[in-house]
**Student:** 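Attaching a single structure in structure tokens format; questions to follow.
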Amino acid sequence: MAAVRRYDILDTPPDGAFDRITAMAARRFAVPISIVSIVDEDRIWFKSHHGLRISQIDRKPGLCASAVLGNAAHVVTDASVDPRTLANPLVAGDFGLRFYAGVPLTTSDGYNLGTLCVIDFEARPVEQSQLDDLTELASIVMDQLELRLSARKAIQQAGLMAREIDHRVMNSLQFVSTLLKMQSKSVVITDVASELKIAAQRIEAVAQVHRHFYSREGTSGACLAFLQRLCSDLSDVLDTPVRVSGEETSVPEDWVQPIGLIINELVTNAAKHGAGIVQVDCRPAGGNIALTVTDDGPGLPKGFEIEAATQSLGMRVVTGLVSQLGGQVQASGHDESNGARFSVVLPPPPQ
């Protein structure tokens with residue numbers, strides 16, 4: 001059963017590759033039914049069921065449960081007289097099974113997951129060449145399962161490698177941030193020291209985006225939960241209160257990090273030029289995703305335009321990432337009593 005779990009095939013959708021194999025097996029034996037079965041703890045589940053509408057049966061009456069107990073083909077040429085099957089409800093009941101031939105699906109380390117089997121409602125002899133072909137087809141089934149298992153392991157390994165690389169990048173960013181902070185304390189010119197401190201904060205904030213991108217256990221694609229954790233850290237890094245509100249919305253995995261970097265830049269900008277509390281809001285809006293960052297500062301200067309502001313590094317990052325996601329960014333808040341407000345609208349995520 002541990003081997004069955006390892007291959008993670010139970011209750012997966014139909015698959016044309018396995019359906020072609022069962023169709024070939026049925027033609028080779030000239031029988032109406034062929035099945036790729038996986039034997040579970042209390043049921044026999046059918047990955048492919050040619051000529052049969054049901055997708056599983058209880059384990060107890062299933063002949064496949066007997067077939068997986070050995071390594072050779074399990075053959076019943078006439079179930080109505082075979083002492084192994086006389087009392088089987090599939091034989092004695094309305095189903096009327098008479099012929100069964102099944103070959104175990106054996107893993108590379110010797111465990112039988114289930115069978116490739118053929119079934120008929122009439123007794124019939126079987127030739128060794130037919131069993132040899134059934135064995136070859138069963139091997140092809142296992143080749144498919146092994147290939148998919150290897151692919152899944154490769155994807156997991158790639159994910160672990162990406163996490164390790166990103167962890168190293170984050171550590172490097174935090175190290176550079178620390179150096180810049182130390183340097184800012186030793187610089188006499190006020191403006192230079194201030195800029196070094198801001199640069200250090202920006203680098204440390206980017207490091208937090210990386211950290212939270214790879215620590216979203218159980219909340220993959222959950223935008224609001226990600227931003228809540230990110231902004232909690234940004235509040236400490238920037239020494240500015242940052243609050244997050246809104247409604248949870250799911251976004252594609254590859255959108256999470258760009259969204260985090262967009263919010264990072266807008267919050268960093270609000271902490272630098274604004275005042276009071278920085279408010280971040282994330283919510284679905286008419287099929288789109290709406291992100292806003294507001295502050296309680298003096299507001300934007302008159303005549304402020306996003307296009308003209310892209311000479312700054314922060315706004316170039318924001319506009320570039322928003323454009324990459326197919327969205328739009330707007331700025332408002334020229335009234336000194338309202339502070340500044342940046343709004344990002346992203347299109348509906350691709351399905």
Side-chain angles (χ1 to χ4, degrees), residues 1-12 18-19 21-146:
M1 292 317 305
V4 169
R5 300 288 179 265
R6 185 172 77 235
Y7 283 80
D8 195 24
I9 190 174
L10 287 170
D11 300 312
T12 54
F18 296 101
D19 292 342
I21 293 171
T22 52
M24 290 173 63
R27 286 198 303 270
R28 179 66 179 93
F29 281 78
V31 298
I33 297 173
S34 179
I35 299 169
V36 170
S37 70
I38 303 296
V39 179
D40 199 358
E41 293 179 358
D42 56 358
R43 61 172 176 159
I44 298 175
W45 179 78
F46 304 152
K47 175 61 179 174
S48 176
H49 41 101
H50 176 85
L52 196 64
R53 291 187 177 181
I54 61 174
S55 60
Q56 66 180 43
I57 61 172
D58 290 341
R59 175 169 175 157
K60 189 173 182 180
L63 294 178
C64 295
S66 300
V68 297
L69 299 179
N71 294 320
H74 187 80
V75 181
V76 179
T77 56
D78 187 351
S80 66
V81 298
D82 193 312
R84 296 173 297 175
T85 56
L86 282 174
N88 191 300
L90 296 176
V91 177
D94 294 336
F95 187 70
L97 182 149
R98 291 294 178 267
F99 171 80
Y100 174 93
V103 174
L105 302 175
T106 307
T107 68
S108 57
D109 51 352
Y111 294 99
N112 292 337
L113 304 179
T115 70
L116 171 62
C117 67
V118 289
I119 293 172
D120 200 353
F121 303 114
E122 297 179 2
R124 61 169 56 241
V126 62
E127 299 175 2
Q128 184 59 46
S129 61
Q130 291 177 304
L131 294 178
D132 291 342
D133 288 345
L134 193 64
T135 301
E136 290 296 329
L137 290 173
S139 297
I140 295 174
V141 171
M142 281 311 306
D143 288 343
Q144 287 286 329
L145 294 178
E146 294 286 359

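Everything numeric in this text was worked out from a predicted model, so none of it was measured. Just the heavy atoms: all of them, side chains too, but no hydrogens, waters or symmetry mates, feed the values below. Residues take their numbers from the sequence shown, with the count starting at 1.
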**Student:** Just how far is it from atom CG of L113 to atom NZ of K47, taken to the nearest 0.5 Å?
**Tutor:**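 Interatomic distance, L113 CG to K47 NZ, rounded to 0.5 Å: 13.0 Å.
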**Student:** In chain order, what residues pass the side chain to side chain contact (heavy atoms under 4.5 Å, CB included) check against E146, with sequence neighbours excluded?
**Tutor:**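 Checked E146 against side chain to side chain contact (heavy atoms under 4.5 Å, CB included); matches are Y7, T107, S108, M142, L149.
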**Student:** I'd like to know if D58 pairs up with K60 as an ion pair, taking the criterion as any Lys NZ or Arg NE/NH1/NH2 lying under 4.0 Å from an Asp or Glu carboxylate oxygen.
**Tutor:**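 So D58 does not pair with K60 through a salt bridge.
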**Student:** Keeping the roles fixed (side chain from R124, backbone from V31), state whether a donor-acceptor pair exists under 3.5 Å.
**Tutor:**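 Answer holds: no.
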**Student:** Tell me which one of V36, L52, L137, I35 satisfies side chain to side chain contact (heavy atoms under 4.5 Å, CB included) with T22.
**Tutor:**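 By the side chain to side chain contact (heavy atoms under 4.5 Å, CB included) criterion, T22 pairs with just one of V36, L52, L137, I35: V36.
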**Student:** Ring pair (Phe, Tyr, Trp, His ring centres under 6.0 Å): which pairs involve residues 110-138, sequence neighbours left out?
**Tutor:**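 Every pair satisfying ring pair (Phe, Tyr, Trp, His ring centres under 6.0 Å) with a residue in residues 110-138: F95-F121.
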**Student:** Indicate the atoms forming the closest heavy-atom contact of V91 with R98, along with that distance.
**Tutor:**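 Scanning both residues, the minimum pair turns out to be O-NH1, 3.2 Å.
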**Student:** Going through the distances and angles, do R84 and H74 end up as a side-chain contact (heavy atoms from CB on, under 4.5 Å)?
**Tutor:** CA-CA 11 Å; R84 296 173 297 175; H74 187 80; 3.6 Å; yes
**Student:** By side-chain hydrogen bond (donor to acceptor under 3.5 Å, both in side chains), which residues pair with D19, not counting sequence neighbours?
**Tutor:**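 With neighbours one apart ignored, the set is S48.
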**Student:** Identify the two heavy atoms, one from L90 and one from G62, that lie closest to each other, and give their separation to 0.1 Å.
**Tutor:**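 Minimum heavy-atom separation between L90 and G62: CD1-CA, 4.4 Å.
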**Student:** Any side-chain heavy-atom pair from V39 and V4 closer than 4.5 angstrom?
**Tutor:**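 The answer is no; the side chains never approach within 4.5 Å.
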**Student:** More than 12 heavy atoms of other residues, nucleotides or ligands under 6.0 Å from CD of Q128: yes or no?
**Tutor:**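 For Q128, atom CD is crowded (more than 12 foreign heavy atoms under 6.0 Å).
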**Student:** Compare every heavy atom of R59 with every heavy atom of E41, then report the nearest pair and how far apart it is.
**Tutor:**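 Smallest heavy-atom distance, with atoms named: O-CD, 3.5 Å.
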**Student:** Enter the distance from I38:CD1 to T12:OG1 here, rounded to the nearest 0.5 Å.
**Tutor:**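 Between I38 CD1 and T12 OG1, I get 8.5 Å after rounding to 0.5 Å.
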**Student:** Any salt bridge between R27 and D133, counting N to O under 4.0 Å?
**Tutor:**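 Answer for the salt bridge query: no.
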**Student:** For I119 and L63, run side-chain contact (heavy atoms from CB on, under 4.5 Å): C-alpha distance rounded to whole Å, both residues' side-chain angles, the deciding distance at 0.1 Å, then the answer.
**Tutor:** CA-CA 10 Å; I119 293 172; L63 294 178; over 6 Å; no
**Student:** Any chance you could measure E122, atom CD, to L97, atom CG, to the nearest 0.5 Å?
**Tutor:**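 Spacing of CD (E122) from CG (L97) equals 12.0 Å.
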**Student:** Could you go through the side-chain contact (heavy atoms from CB on, under 4.5 Å) check for I44 and Q56 one step at a time?
**Tutor:** CA-CA 5 Å; I44 298 175; Q56 66 180 43; over 6 Å; no
**Student:** Ignoring hydrogens, what is the shortest heavy-atom contact between L105 and S37? Give both atom names and the distance.
**Tutor:**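 Answer, listing the atom of L105 first, then S37: CD1-O, 3.8 Å.
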**Student:** In plain terms, say whether R28 and E127 are close enough for a salt bridge, that is, a side-chain N and a carboxylate O under 4.0 Å apart.
**Tutor:**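 Looking at E127 together with R28, the answer is no, because their closest N to O distance does not fall below 4.0 Å.
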**Student:** Identify the two heavy atoms, one from G70 and one from N112, that lie closest to each other, and give their separation to 0.1 Å.
**Tutor:**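 Heavy-atom minimum between the residues: O-ND2, 3.0 Å.
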**Student:** Would you call D40 and R5 a salt bridge, using N to O less than 4.0 angstrom?
**Tutor:**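 Answer for the salt bridge query: yes.
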**Student:** Looking at every heavy atom in both L116 and A138, which two are closest together, and how far apart are they?
**Tutor:**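 For L116 versus A138, the nearest heavy atoms are CD2-N, 3.5 Å.
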**Student:** With side-chain contact (heavy atoms from CB on, under 4.5 Å) as the test, would you mind laying out the steps for F29 and L134 before giving the verdict?
**Tutor:** CA-CA 9 Å; F29 281 78; L134 193 64; 4.0 Å; yes
**Student:** Could you tell me whether the side chain of T77 reaches within less than 4.5 Å of the side chain of P125, counting heavy atoms only?
**Tutor:**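 No, side chains not in contact.
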